[in-house]
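Input: a single structure, listed below in structure tokens.
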Amino acid sequence: MARRKIIAGNWKMNKTPSEAIKLIEELKPLVNNEEVDVVFCVPAVSLTKAVEAVEGSNIAIGAENMFYEESGAYTGEIAPNMLTDIGVKYVIIGHSERREYFAETDETVNKKVHKAFEHGITPIICCGESLKQREQGITIDWIRQQIKIAFLNINSDQAKKAVIAYEPIWAIGTGKVATTEQAQEVCAAIRACIAELYDTKTAQEIRIQYGGSVSASSAPDLFAQPDIDGGLVGGASLKPDFGKIVNYNK
Ligand code: PGA
């Protein structure tokens with residue numbers, strides 16, 4: 001079974017709501033590719049307007065974060081049903097920037113993955129090693145651990161619907177994209193880990209993205225790798241170049 005590619009933009013903390021609508025209108029005609037699922041993950045305050053703006057197009061809207069409780073005294077947090085209520089379909093979970101600046105851990109990632117599935121939101125689960133870890137030769141061990149904890153007590157029906165984003169931290173926002181070999185090696189290791197945790201069928205269905213300085217020029221080679229099913233794109237998702245990335249196969 002051929003897996004459908006999924007290419008998501010991660011807007012991070014960029015664009016006001018009015019700028020977001022302008023950018024969506026600009027990108028909408030550029031990101032048509034019937035072979036690809038296209039997702040724009042935008043800041044929380046822009047989600048409602050973004051969902052409205054993409055109506056009738058091939059674009060789905062994702063959040064960049066979400067909390068793991070239903071409601072209550074969690075000042076500043078966003079509950080899963082707040083996302084589903086407005087039509088958000090995806091949520092990025094455990095991005096390395098959230099781990100670094102907002103104390104997210106593999107355990108909170110696991111809690112959030114559970115909540116996302118409970119509410120029918122597709123999680124884009126991020127993992128990735130630091131430059132130091134790569135130099136120490138512990139990349140695969142580290143990633144396997146992140147994956148094992150993220151998927152703790154997640155059943156195979158849920159797991160096969162998840163999206164995993166492999167994002168080497170040293171490649172994020174640095175212009176230093178991983179080589180296709182490095183990216184493919186880790187994405188294959190992630191798939192093998194999923195096969196160990198579940199079974200081959202689940203591993204064959206789950207989609208694994210590469211992220212970290214993806215550009216229009218690096219996308220075709222990366223996305224042609226057997227275990228890379230698309231990308232999570234930061235900087236380049238805010239530009240018309242994102243259209244070229246989505247149409248990497250044209
Ligand atoms: P980048 O960001 O494409 O700007 O490197 C990727 C990400 O952090 O998701």
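Here the structure is a predicted model, which means the values were calculated and not measured. We count ligands from 1, going down the list as the structure has it; atoms in each ligand are counted the same way.
Partners of Y198 under the ring-ring contact (aromatic ring centres under 6.0 Å, His included) rule, at least two apart in sequence or in another chain, do not exist in this structure.
The 4.0 Å heavy-atom shell around ligand 1 contains residues N10, K12, H95, E167, A171, I172, G173, G212, S213, L232, V233, G234, G235, ordered by chain and number.
Looking only at atom types and distance, the side chain of Q204 has no donor-acceptor partner in the side chain of R191 under 3.5 Å away.
Chaining together hydrophobic side chains whose heavy atoms lie under 4.5 Å apart places L232 alongside I6, V39, Y90, I92, I124, V163. Using a 4.5 Å cut-off between side-chain heavy atoms of Ile, Leu, Val, Met, Phe, Trp and Tyr, V45 forms no hydrophobic cluster with any other residue.
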V177 and L222: CA distance, side-chain angles, deciding distance, side-chain contact (heavy atoms from CB on, under 4.5 Å) verdict: CA-CA 10 Å; V177 64; L222 285 164; 4.1 Å; yes
Evaluation steps, salt bridge (Lys or Arg N to Asp or Glu O under 4.0 Å), between K22 and E26: CA-CA 6 Å; K22 267 173 77 180; E26 185 188 342; over 6 Å; no
